[in-house]
Amino acid sequence: MTSNKIKEIALIHFARNGYEGASLAHIAEEVGIKKQSIYTHFKGKDELFLQLCKDTSLYELNTVADYIYKNRNLPVKDILYNLLLHFRDQYEKNEYTKFWLRVSFFPPVHLHEQVMEIVYEYLDKVEGLLQPVFENAQSNGEIHSEVNLSQSTAAYLGILDGVFVEMLYGGPTRLEKRIDHSWYIYWRGISK
């Protein structure tokens, strides 16, 4: 139970302050334990951080899979556009998403390789979840038959990257503009 509480509090600290700004002493204090007690559960800050990366990657991946499953009967236009909005909403209210985006774009230098391995695995799995959505849409005539499905999936992830950048840097007005304009051009390019 204590290790879960440590992770819960640490996630908030890492999401708000980054790796360098998060203090094990402050995390322990908020959990209600001494700093040394954290080492009973985790070898150190690096292990705690990497475990949160793995946990968050899985959480975010499950969120995408759940979203796709629940919306599988909608037209592909709605599935894809609403997924962009889903990520926006998750970022606004969910510490997991805030942590995940911060980590994905700003991994600690000394953990860069390990973090990016987790991030790339996540991206590959999201692409794998989206591929059948595109295949189904093409077979249903919702997107142009000449559209390369691999390219359209990768391009969609590029839009998602742009949305993530605006979440981190741009604020609500710039974010809405990025979503609306990128989506409009993208959909015109792949739709029938």
Side-chain angles (χ1 to χ4, degrees), residues 1-67 83-127 129 156-182:
M1 184 64 159
T2 304
S3 66
N4 288 338
K5 185 69 173 170
I6 292 168
K7 289 195 296 185
E8 179 184 316
I9 299 301
L11 179 83
I12 294 167
H13 283 259
F14 286 128
R16 293 181 184 164
N17 307 315
Y19 178 89
E20 291 78 11
S23 156
L24 288 183
H26 290 138
I27 293 167
E29 181 182 326
E30 200 168 323
V31 172
I33 59 175
K34 295 186 184 293
K35 179 181 171 183
Q36 303 86 292
S37 298
I38 289 179
Y39 298 105
T40 304
H41 304 277
F42 303 96
K43 290 179 186 172
K45 190 175 181 180
D46 288 357
E47 183 182 68
L48 173 58
F49 184 83
L50 289 171
Q51 185 59 55
L52 286 171
C53 288
K54 291 173 187 171
D55 292 352
T56 305
S57 171
L58 183 59
Y59 172 85
E60 290 293 324
L61 189 61
N62 287 337
T63 299
V64 173
D66 186 53
Y67 169 85
L83 183 57
L84 298 174
L85 301 181
H86 167 80
F87 277 110
R88 178 202 63 195
D89 295 344
Q90 286 291 104
Y91 182 75
E92 289 174 0
K93 63 184 177 185
N94 188 305
E95 294 295 335
Y96 280 96
T97 304
K98 288 177 185 165
F99 173 81
W100 183 241
L101 286 181
R102 184 174 192 133
V103 165
S104 298
F105 283 89
F106 310 109
V109 174
H110 72 289
L111 297 174
H112 183 271
E113 202 170 297
Q114 292 157 292
V115 171
M116 293 315 296
E117 186 177 311
I118 296 166
V119 170
Y120 290 141
E121 182 180 344
Y122 165 83
L123 290 173
D124 290 344
K125 288 181 178 178
V126 168
E127 192 168 355
L129 289 170
Y156 180 79
L157 291 174
I159 291 172
L160 196 53
D161 286 343
V163 168
F164 290 157
V165 168
E166 290 301 340
M167 285 178 191
L168 291 167
Y169 294 114
T173 303
R174 290 181 60 86
L175 174 59
E176 293 308 315
K177 182 179 175 183
R178 175 67 55 102
I179 291 171
D180 290 343
H181 294 188
S182 298

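Just the heavy atoms: all of them, side chains too, but no hydrogens, waters or symmetry mates, feed the values below. Everything numeric in this text was worked out from a predicted model, so none of it was measured.
Every residue was checked against the salt bridge (charged side-chain N to carboxylate O under 4.0 Å, His left out) condition with Asp161, not counting sequence neighbours, and none meets it. Partners of Tyr91 under the ring pair (Phe, Tyr, Trp, His ring centres under 6.0 Å) rule, at least two apart in sequence or in another chain, do not exist in this structure. Not counting sequence neighbours, the partners of Ile12 by the side chain to side chain contact (heavy atoms under 4.5 Å, CB included) test are Arg16, Glu95. Evaluation of the salt bridge (charged side-chain N to carboxylate O under 4.0 Å, His left out) rule for Glu121 yields Lys125 as partners, not counting sequence neighbours. Looking at residues two or more places apart in sequence or on another chain, you find a side chain to side chain donor-acceptor pair (under 3.5 Å) between Asn94 and Tyr59. For Glu8, the salt bridge (charged side-chain N to carboxylate O under 4.0 Å, His left out) criterion is met by Lys5, not counting sequence neighbours.
Distance check, rounded to the nearest 0.5 Å: CD1 of Ile179 to CG of Leu160 gives 9.5 Å. To the nearest 0.5 Å, atoms CZ (Phe99) and OG (Ser104) are separated by 9.0 Å.
Between Leu123 and Leu157, the shortest heavy-atom contact is O-CD1, 4.4 Å. The nearest pair of heavy atoms linking Ala10 to Leu48 is CB-CD2, 3.7 Å.
Paired with Thr97 under the rule side chain to side chain donor-acceptor pair (under 3.5 Å), one option of His86, Glu60, Arg102 passes, and it is Glu60.
The aromatic rings of Phe105 and Phe164 lie perpendicular to each other, with more than 60° between the two planes, well past the 30° mark.
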Per-pair distances, 0.1 Å, donor-acceptor, side chain in residues 108-120, under 3.5 Å, sequence neighbours excluded:
unit_1: His110; atom_1: NE2; unit_2: Asp46; atom_2: OD1; d: 2.9
unit_1: His110; atom_1: NE2; unit_2: Asp46; atom_2: OD2; d: 3.3

Below 3.5 Å, can you tabulate the donor-acceptor pairs from side chains in residues 29-44 to any protein atom, sequence neighbours excluded?
unit_1: Glu30; atom_1: OE1; unit_2: His13; atom_2: NE2; d: 2.9
unit_1: Thr40; atom_1: OG1; unit_2: Ser37; atom_2: O; d: 3.3

Donor-acceptor pairs are to be reported for all side-chain atoms of residues 50-57 against protein atoms at under 3.5 Å, with residues two or more places apart or in another chain.
unit_1: Gln51; atom_1: NE2; unit_2: Asp55; atom_2: OD1; d: 2.7
unit_1: Asp55; atom_1: OD2; unit_2: Lys7; atom_2: NZ; d: 2.8
unit_1: Thr56; atom_1: OG1; unit_2: Leu52; atom_2: O; d: 2.7

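Applying the side chain to side chain donor-acceptor pair (under 3.5 Å) test to residues at least two apart or on different chains, the pairs with a partner in residues 170-179 are Arg88-Glu176, Glu166-Arg174, Glu166-Arg178.
Using a 4.5 Å heavy-atom cutoff, the side chains of Trp100 and Tyr122 are in contact. Side-chain atoms of Val103 and Phe49, non-hydrogen and from C-beta on, do get closer than 4.5 Å to each other.
Within 6.0 Å of OH in Tyr96 there are 12 or fewer heavy atoms belonging to other residues, nucleotides or ligands.
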